[in-house]
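Below you'll find the structure, written out as structure tokens, and then a few comments.
Basis for what follows: all heavy atoms, side chains included, without hydrogens, waters or symmetry-related copies. As the structure is a prediction and not an experimental result, all values here were calculated from the model.
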Amino acid sequence: MEGSEQRIEAWRAQGAVERFRGYGIHVQRRPGEGPLLVMLHGFPSSSYDFRALLGQMPEANVLSFDLLGFGLSDKPRDHVYSLLWQADLAEALIERHRGDREIHLVAHDMGTSVATELLTRSQTGRLGFDPADVLLFNGSIVLAEASLTWVQQLLRSPLGPVAARLSNERLFAQQFSRLFSEAHPVEPDEVADQWRLISAQGGGRLGDRLIYYLGERERFADRWHGAISGWDGVLRFGWGLEDPVATTAVLAALRRLRPEAPVSEWPGLGHYPQIEAPGVVAEMVLTRT
């Protein structure tokens with residue numbers, strides 16, 4: 001059986017390194033039909049999360065990339081991993097690749113806050129494009145309603161740097177497996193690949209710095225929740241209902257912010273619907289409202 005190293009190197013070879021503000025960013029660009037689908041991944045993983053989803057949409061026109069500090073992108077130790085910076089990165093790459101296509105954002109977990117920052121900029125006329133369609137799924141956007149894991153809480157605490165240094169594959173496997181539903185347990189190969197991507201370039205010891213985004217979800221709550229309620233484009237939600245972190249309470253809060261938003265509920269799916277049931281997610285991604 002092909003090993004984790006071979007799978008990751010094959011994934012690397014499918015993409016390319018692009019530069020942004022002096023850093024190397026791993027980009028997967030697949031030309032195709034229709035609007036440009038921009039995939040924004042979550043914490044602590046990478047664009048690798050979307051590979052099975054992309055397999056369900058072979059003709060789609062896709063841009064996906066690893067945010068700074070994640071996956072195969074550079075992982076500077078002294079960087080402040082702000083979602084505002086990551087949104088700058090997303091905006092620059094979209095401008096670089098969009099041509100004359102409509103932009104559709106597909107965002108998971110932490111990526112949902114990168115997306116809502118882009119929507120805020122769109123609202124205020126500070127974005128060079130206006131997304132035509134936005135799908136947010138399984139992200140703790142309304143942080144007060146989320147159920148953070150004990151590892152997330154520890155990484156946010158004063159003990160975060162110590163916890164990050166003690167990070168290892170065994171602990172990661174225990175925590176990662178709990179994010180999946182009983183009906184679709186995570187495969188060992190998936191765990192191995194995810195850890196290899198997280199730990200590349202010493203990234204396994206950056207958790208306390210990468211978790212910075214949770215504080216921004218609190219600090220910029222009014223800004224980003226305002227974009228959800230007030231942005232005038234097409235905004236949709238998809239939700240794995242068995243998610244133990246971005247729970248149904250988060251979805252309920254989002255529905256209160258935007259009652260008119262179309263919602264697809266996915267019973268029997270956990271925090272990573274795009275890995276557990278990529279066909280279900282692809283169906284919603286390709287739905288044109």
Within this structure, what is the [atom1]-[atom2] distance for the pair [X] and [Y], rounded to the nearest 0.5 Å?
{"X": "Gln175", "Y": "Ser177", "atom1": "CD", "atom2": "OG", "result": "8.0 Å"}
{"X": "Leu159", "Y": "Leu166", "atom1": "CG", "atom2": "CG", "result": "10.0 Å"}
{"X": "Ile103", "Y": "Asp133", "atom1": "CD1", "atom2": "CG", "result": "11.5 Å"}
{"X": "Gln201", "Y": "Ser73", "atom1": "CD", "atom2": "OG", "result": "8.0 Å"}
{"X": "Leu171", "Y": "Glu169", "atom1": "CG", "atom2": "CD", "result": "11.0 Å"}
{"X": "Ile275", "Y": "Leu53", "atom1": "CD1", "atom2": "CG", "result": "10.5 Å"}

Under a 3.5 Å distance rule, please check whether [X] uses its side chain to pair with a backbone N or O of [Y] as donor and acceptor.
{"X": "Lys75", "Y": "Ile198", "result": "yes"}
{"X": "Gln86", "Y": "Leu68", "result": "yes"}
{"X": "Thr287", "Y": "Glu283", "result": "yes"}
{"X": "Arg209", "Y": "Arg77", "result": "yes"}
{"X": "Asp74", "Y": "Gly24", "result": "yes"}
{"X": "Arg236", "Y": "Val134", "result": "no"}
{"X": "Asp208", "Y": "Leu155", "result": "no"}
{"X": "Arg19", "Y": "Gly22", "result": "yes"}
{"X": "Asp66", "Y": "Leu72", "result": "yes"}

Answer yes or no: does atom [atom1] of [X] have more than 12 heavy-atom neighbours from other residues, nucleotides or ligands under 6.0 Å?
{"X": "Asp222", "atom1": "CG", "value": "no"}
{"X": "Arg170", "atom1": "CZ", "value": "no"}
{"X": "Gln153", "atom1": "CD", "value": "yes"}
{"X": "Glu187", "atom1": "CD", "value": "no"}

Note to self: Assess the residue pair Val263 and Leu254 against the criterion (side-chain contact (heavy atoms from CB on, under 4.5 Å)); give the C-alpha distance rounded to whole Å, side-chain angles, the decisive distance to 0.1 Å, and a yes or no.
What the structure shows: CA-CA 10 Å; Val263 179; Leu254 291 172; over 6 Å; no

Might you point out which heavy atoms bring [X] and [Y] nearest each other, and give the distance in Å?
{"X": "Leu119", "Y": "Ala227", "answer": "CB-CB, 4.0 Å"}
{"X": "Pro76", "Y": "Tyr23", "answer": "CG-CE2, 3.6 Å"}
{"X": "Ser122", "Y": "Asp130", "answer": "OG-OD1, 2.6 Å"}
{"X": "Phe20", "Y": "Ala92", "answer": "CE1-CB, 3.4 Å"}
{"X": "Ala183", "Y": "Gly268", "answer": "CB-O, 4.1 Å"}
{"X": "Ser45", "Y": "Tyr272", "answer": "OG-OH, 3.1 Å"}

Margin query: Using salt bridge (charged side-chain N to carboxylate O under 4.0 Å, His left out), reason through Glu9 and Arg196 one step at a time and then give a plain yes or no.
Written below: CA-CA 11 Å; Glu9 287 308 309; Arg196 182 173 290 275; over 6 Å; no

Next item on the list: Walk me through it: do Thr247 and Glu145 pass the test side chain to side chain donor-acceptor pair (under 3.5 Å)?
Entry: CA-CA 8 Å; Thr247 62; Glu145 299 296 338; over 6 Å; no

Using the rule that two of Ile, Leu, Val, Met, Phe, Trp, Tyr join whenever any of their side-chain heavy atoms come within less than 4.5 Å, decide whether [X] and [Y] are in one cluster.
{"X": "Val27", "Y": "Leu37", "result": "no"}
{"X": "Leu83", "Y": "Val80", "result": "no"}
{"X": "Met39", "Y": "Leu118", "result": "no"}
{"X": "Leu269", "Y": "Met284", "result": "yes"}
{"X": "Trp231", "Y": "Leu135", "result": "no"}

Flag the pair [X] / [Y] as yes when at least one side-chain heavy-atom distance between them is below 4.5 Å, and no otherwise.
{"X": "Val245", "Y": "Asp109", "result": "no"}
{"X": "Thr149", "Y": "Arg178", "result": "no"}
{"X": "Trp224", "Y": "Ile141", "result": "no"}
{"X": "Glu91", "Y": "Leu127", "result": "yes"}
{"X": "Leu89", "Y": "Leu67", "result": "yes"}

Short side-chain donor-acceptor distance under 3.5 Å, [Y] and [X]:
{"X": "Ser82", "Y": "Glu216", "value": "yes"}
{"X": "Gln14", "Y": "His26", "value": "no"}
{"X": "Gln194", "Y": "Asp49", "value": "yes"}

Margin query: As a quick check of understanding, evaluate side-chain contact (heavy atoms from CB on, under 4.5 Å) for Glu265 and Leu251, giving each step before the final call.
Written below: CA-CA 10 Å; Glu265 296 184 350; Leu251 177 59; 4.3 Å; yes

Note to self: Can you confirm if the aromatic rings of Trp85 and Tyr213 lie within a centre distance of less than 6.0 Å?
What the structure shows: no

Check: Which residues pass the ring-ring contact (aromatic ring centres under 6.0 Å, His included) test with Phe172, sequence neighbours left out?
Finding: Phe176, Trp195

Salt bridge [X]-[Y], side-chain N to carboxylate O under 4.0 Å:
{"X": "Glu218", "Y": "Arg156", "answer": "yes"}
{"X": "Arg21", "Y": "Asp88", "answer": "yes"}
{"X": "Arg258", "Y": "Glu260", "answer": "yes"}

Note to self: I need the single residue from Leu63, Val106, Val114 that forms a side-chain contact (heavy atoms from CB on, under 4.5 Å) with Leu40. Which is it?
What the structure shows: Val114

Next item on the list: Could you go through the side-chain contact (heavy atoms from CB on, under 4.5 Å) check for Leu197 and Ile8 one step at a time?
Entry: CA-CA 8 Å; Leu197 286 161; Ile8 298 306; 3.7 Å; yes

Next item on the list: Mind checking side-chain hydrogen bond (donor to acceptor under 3.5 Å, both in side chains) for Arg217 and listing every partner two or more places apart, or none if nothing turns up?
Entry: Thr112, Ser113

Note to self: Tell me which pairs pass ring-ring contact (aromatic ring centres under 6.0 Å, His included) where either residue lies in residues 45-75, with sequence neighbours left out.
What the structure shows: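 Every pair satisfying ring-ring contact (aromatic ring centres under 6.0 Å, His included) with a residue in residues 45-75: Trp11-Tyr48, His41-Phe70.
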
Next item on the list: Scan Phe237, Trp239, Phe137 and name whichever one has a ring-ring contact (aromatic ring centres under 6.0 Å, His included) with His108.
Entry: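 Testing each of Phe237, Trp239, Phe137 against His108, the sole residue satisfying ring-ring contact (aromatic ring centres under 6.0 Å, His included) is Phe137.
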
Next item on the list: Carefully, step by step, assess Glu18 and His97 under the rule side-chain contact (heavy atoms from CB on, under 4.5 Å).
Entry: CA-CA 12 Å; Glu18 298 192 17; His97 289 280; 2.8 Å; yes

Notebook entry, point to check: Can you tell which of Glu33, Arg30, Arg29 makes a side chain to side chain donor-acceptor pair (under 3.5 Å) with Asn61?
Noted result: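 Answer after filtering Glu33, Arg30, Arg29: Arg29.
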
